[in-house]
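Heads up: the structure comes next, in structure tokens.
Residue numbering restarts at 1 for every chain, and letters A, B, ... go by the order of the sequence lines. Small disclaimer: the values here were computed from a predicted structure and weren't measured. All heavy atoms count here, side chains included; hydrogens, waters and symmetry mates do not.
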Amino acid sequence: MSFQRPRGTRDFLPEEMRLRRELEQRVCAIFRSFGYLEVATPTFEHLELITAKSGEEIVERLYSFQDKSGRWLALRPEFTAPVMRMYVNSLQSAPKPLRLYYFGPCFRYERPQSGRYREFWQAGVELIGSATPEAQAEVLALADTVLRELEVSYELHVGSVGVLRKLLACHGVGEEEQVRIMGMIDRGEMLRAEDMLKELGAGEVTATLRSLTELRGGAEVLEEAAELLRGCGDALKELHRLGEVLEALEWYGVRELRVNLGIARGLDYYTGMVFEAYVPSLGAEKQVCGGGSYSLAEVFGGKPVPTSGFAFGFDRLLLACSQKPAQERRVMVIPLGVEMLKEAVGIAGMLRSRGVSCELEVMRRRLGKALAGADARGVSHVVLVGEELRQGKVVLRDMHTGEQREVKVESLPEVLSSA
RNA sequence: GCCACGGUAGUGUAGCCUGGUGAGCACAAGGGACUGUGGAUCCCUUAGCCCGAGUUCAAAUCUCGGCCGUGGCCCCA
């Protein structure tokens with residue numbers, strides 16, 4: 001009888017786990033360096049929390065279930081809703097702005113493929129309580145800093161759903177239709193979006209919309225956009241806001257970005273600036289980060305509060321930065337014969353209490369085999385405990401160079417620490 | 001939910017088209033030869049046809065279904 005892993009899940013063996021922890025720590029350290037504080041929420045939430053934010057259609061992409069007393073629950077598909085729920089429950093009267101970050105597994109019932117799993121990890125932040133250009137820019141700059149520090153080659157696209165929505169509103173398109181059209185734009189279905197607009201009697205906006213979503217470039221394309229939006233005051237106002245964010249981004253040193261008004265992010269709770277980061281080398285699942293400014297607290301029964309945030313797809317990030325692990329010091333203590341076992345155990349214990357991690361040879365192998373075994377498991381330093389112990393010494397062997405020297409037991413921790 | 005390709009010891013593979021000999025090889029793992037330097041060499045051992053049904057005297061091999069994997073669509077991170 002043997003069992004397979006559930007589809008779309010992974011086991012992480014020691015080597016990969018080390019890489020994951022390393023990356024997690026690097027990313028979270030950068031979050032903290034911007035003043036963000038870590039939070040955690042439950043792995044599952046009430047199903048309604050998720051559907052309140054994303055609509056009933058999302059249910060088929062969720063792991064949802066009834067518990068033993070009939071409550072409908074769902075494994076979280078992302079963190080924004082849970083974190084905002086937590087904010088509404090417990091943090092509404094905390095001093096603003098609130099800077100929160102999270103890291104943890106999320107679950108979606110989707111077809112697995114490269115860079116897409118049913119259990120995957122997200123790392124992200126929410127900045128709650130400020131909608132100033134500098135606050136929005138900070139969030140984006142934070143994402144940019146992470147990508148830059150990881151030395152991956154990426155593209156940052158910045159847009160504004162506010163501009164698009166106000167443009168549509170300007171031509172009499174209602175809220176609900178706006179959402180549907182934005183979804184089509186996000187999926188690149190411009191023709192469908194145009195058909196729908198014509199049906200709604202807003203056919204005259206299609207040319208403007210098309211030109212607008214095809215604009216690409218630096219901050220200078222905002223001028224072209226302004227031309228296109230002439231006569232639509234609300235949209236121009238949104239465009240001006242985007243301009244302010246872009247200006248602030250310059251102060252943060254974020255210059256390698258492209259304005260892309262075609263980013264709609266499909267989701268209806270975004271209000272203003274939106275952004276996405278891509279790592280082209282990842283292929284189909286190249287989006288490593290998505291975020292923007294939104295207003296969600298009121299959906300969960302709180303007072304509206306302007307918020308900006310983003311989430312990294314941690315697994316994709318890991319794929320993107322093919323970092324090779326730093327050489328790790330790994331120590332093994334080998335007794336030369338059973339009669340030295342007791343002493344070897346003692347020395348291993350002494351090393352551990354002095355902060356040097358080490359493992360003990362427990363297979364009673366002959367020296368040759370023991371060395372071969374140590375090598376096979378990636379040990380970098382071996383401590384041989386033999387008759388030199390009568391002079392209070394052990395033999396320290398560097399497994400990479402093959403060099404050996406006798407070292408006093410009491411100076412062993414120090415010598416190994418600097419190795 | 002849809003499409004393409006795939007699944008043989010722990011890993012990588014041969015065999016499949018053309019059904020029929022104890023399913024072969026390499027590496028890994030465990031033991032030994034061999035008493036502190038043999039990270040070697042030699043020998044031994046462990047361990048496999050994804051699951052189920054069908055066709056057949058006979059299935060790793062052919063057919064169907066399922067499961068899982070890889071990549072793509074969709075969606076997203």
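Identified under the salt bridge (Lys or Arg N to Asp or Glu O under 4.0 Å) test for residues 369-393 of chain A, with sequence neighbours left out: A:E359-A:R377. Residue pairs meeting the salt bridge (Lys or Arg N to Asp or Glu O under 4.0 Å) criterion with at least one partner in residues 134-153 of chain A, sequence neighbours excluded, are A:R99-A:E138, A:D144-A:R148. Applying the salt bridge (Lys or Arg N to Asp or Glu O under 4.0 Å) definition to pairs two or more places apart or across chains, none involves residues 119-128 of chain A.
Dense packing is recorded around CZ of A:F34, with more than 12 heavy atoms of other residues, nucleotides or ligands lying under 6.0 Å away.
Atom name C1', nucleotides B:rG10 and B:rU21: the rounded distance is 29 Å, in whole Å. Rounded to whole Å, the P atom of B:rA4 lies 25 Å from the corresponding atom of B:rC16. Taking atom C1' in both B:rU45 and B:rC51, one finds a spacing of 30 Å when rounded to whole Å. For the C1' atoms, the distance from B:rC57 to B:rC73 is 47 Å, rounded to whole Å. Of the P atoms belonging to B:rG7 and B:rG12, the separation is 12 Å, rounded to the nearest Å. Atom name P, nucleotides B:rU70 and B:rU13: the rounded distance is 15 Å, in whole Å.
If you check every strand for non-hydrogen atoms under 4.0 Å, A:F310 touches nothing. As judged by a 4.0 angstrom heavy-atom cut-off over every strand, A:G124 is placed among residues making no nucleic acid contact. Across all strands shown, A:G8 has heavy atoms under 4.0 Å from sugar-phosphate atoms exclusively, and none from any base. Residue contacts shown for A:R365 are limited to sugar-phosphate atoms, with no base heavy atom under 4.0 Å away. Residue contacts for A:F312: at a heavy-atom cut-off of 4.0 Å it reaches no nucleic acid atom on any strand shown.
Nearer the 5' end of RNA chain B, as judged by each residue's closest nucleotide, is the contact made by A:R111, out of A:R5 and A:R111.
Looking at residues two or more places apart in sequence or on another chain, you find a side chain to side chain donor-acceptor pair (under 3.5 Å) between A:E298 and A:S295. With sequence neighbours excluded, the residues that form a side-chain contact (heavy atoms from CB on, under 4.5 Å) with A:A131 are A:P306.
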Sugar-phosphate or base contact per nucleotide [nucleotides 32-41 of chain B; S, B, -; heavy atom under 4.0 Å]: BSSSBBSBS-
